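Note that the structure is predicted; figures quoted are calculated from it, not measured. Indexing begins at 1, ligand by ligand and atom by atom, following the structure's order.
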Amino acid sequence: MDTMKAVAVTPGEKNSARVIDAPRPTPSADEVLVKIDRVGICGTDMEIDRAEYGQAPTGFDYLIIGHENFGHVEFVGAEVKDFAPGDYVVAMVRRPDDCPHCLAGEQDMCVTGNYTERGIKGRHGFMSEYYVESPQYLIKIPNTLKEVGVLLEPLTVVEKGIRHAWIIQNRIRNWQPKKALIIGSGPIGLLGAMVTRLKGLETVVYSRNTDPILTDRVAAIGAVYVPKLDEKGEIINHIGALPETHGPFDFILESTGSEQVAIASMGIIGINGALCLTSITGSEEPMQICPGCLNIGLVLGNRAVFGSVNANRLDFEQGVRDLAAGIERWPGWPESLITRRVSVERFRDGFERKPGDTKVVVEFQL
Ligand code: BGC
């Protein structure tokens with residue numbers, strides 16, 4: 001049996017991520033064999049390594065992690081029509097069950113929870129030399145985007161949130177958003193800022209990260225960075241001051257990973273505005289809030305709050321267009337979000353946060 005290098009965890013066992021020799025998959029006639037170029041490291045991968053999340057495929061006691069993938073087609077089965085060796089591709093993450101939404105191609109809206117996700121829930125991921133996939137879950141990436149293709153999957157999380165926000169805001173006959181607030185300065189936050197800038201919105205990015213590099217990184221796309229300078233102040237108060245200093249905000253994207261911030265952001269939406277929550281949070285720490293203040297603000301201001309996870313094909317396609325537009329408008333900027341590269345053997349170095357890090361990737365050709 002041919003084997004390949006892969007990074008795998010034993011779900012439920014803390015710090016179990018390690019390099020293994022896994023069986024190299026073989027494609028059937030209707031499948032594509034993809035050779036991985038690089039895989040982004042995401043907070044979800046670290047949560048899986050901390051045994052907070054993650055499920056092995058049926059019949060396996062390990063899970064190959066990694067979902068932010070980028071690779072090229074190595075071989076196509078005899079029945080595959082639309083792909084050829086050499087094509088750059090990104091695979092979608094979620095696979096459907098048989099609920100009505102999944103059957104309609106919106107597995108990101110699965111209503112049973114019985115979906116699977118590559119590298120996360122019940123299916124092996126992409127942090128391996130090769131993977132096999134059905135063409136229906138592959139997105140072709142133009143050669144001009146090969147340096148940034150690994151950013152597509154996190155970008156789709158943003159694309160879906162924004163697509164849904166704009167659908168929701170159709171409730172208002174003449175919604176003309178002017179200002180966006182992005183809370184969080186990780187990859188989702190910065191890619192979110194890129195998309196709201198591409199949509200012509202004034203954009204403010206807020207986070208607790210005081211790394212001076214962020215001011216420049218955000219200014220480079222014409223947005224404004226506001227760090228939480230007061231280390232001691234309560235985040236909820238600090239956030240509460242933002243509408244006065246920088247608002248009003250027609251659209252807010254929350255991506256910090258903090259439930260406290262997610263709740264606080266419900267109190268700072270502009271009148272008629274929308275807040276999209278994307279943080280996947282795990283803590284059960286209690287928090288003091290003023291329910292009446294939040295409720296009356298939402299009601300009297302016609303404010304909308306919604307959560308968003310994963311993405312479907314539409315979002316991958318929009319993401320490809322926006323990556324191309326981002327490169328054209330701000331040459332070098334999308335690439336600059338890939339701040340560190342590690343080899344497969346040193347994948348654990350990539351799990352450590354270093355100053356200046358935005359997206360760390362595992363390079364398979366190093
Ligand atoms: C991934 C999504 C996935 C979500 C929940 C995120 O890190 O980007 O594709 O749906 O985790 O598992």
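- With a heavy-atom cut-off of 4.0 Å, Glu117 touches ligand 1 through its side chain alone.
- Here the protein heavy atom with the shortest distance to atom 11 (O) of ligand 1 is Thr44 OG1, 3.6 Å.
- Here is the list of ligand 1 atoms found below 4.0 Å of a heavy atom in Ile280: 4 (C), 5 (C), 11 (O).
- Checking side-chain atoms of Asp49 against main-chain N and O of Ser16 turns up a donor-acceptor pair under 3.5 Å.
- The shortest non-hydrogen separation linking Pro227 to His238 is O-CE1, 3.9 Å.
- For ligand 1, the atoms closer than 4.0 angstrom to any heavy atom of Cys42 are 7 (O).
- For the pair Arg340 and Glu363, the salt-bridge criterion is not met [side-chain N within less than 4.0 Å of a carboxylate O].
- The protein atom (non-hydrogen) at minimum distance from atom 5 (C) of ligand 1 is Tyr53 OH, 3.3 Å.
- Of the heavy atoms in Lys121, none comes closer than 4.0 Å to ligand 1.
- The pair Arg163-Asp315 meets the salt-bridge criterion, with a side-chain N (NZ, NE, NH1 or NH2) lying under 4.0 Å from an Asp/Glu carboxylate O.
- Between Lys354 and Asp357 there is no salt bridge, since no side-chain N of the basic residue sits under 4.0 Å from a carboxylate O of the acidic one.
- Which parts of ligand 1 touch Glu153 is read off a 4.0 Å heavy-atom cut-off, strictly below it: atoms 1 (C), 2 (C), 8 (O), 9 (O).
- When heavy-atom distances to ligand 1 are checked against a 4.0 Å cut-off, Asp108 has no atom that comes that close, whether in backbone or side chain.
- One finds a salt bridge joining Arg313 and Glu317 here, because a Lys/Arg side-chain nitrogen approaches an Asp/Glu carboxylate oxygen to under 4.0 Å.
- The CG atom of Asp250 sits 9.0 Å away from the NZ atom of Lys179 when rounded to the nearest 0.5 Å.
- Contact annotation: for Ile120 versus ligand 1, heavy atoms closer than 4.0 Å belong to the side chain alone.
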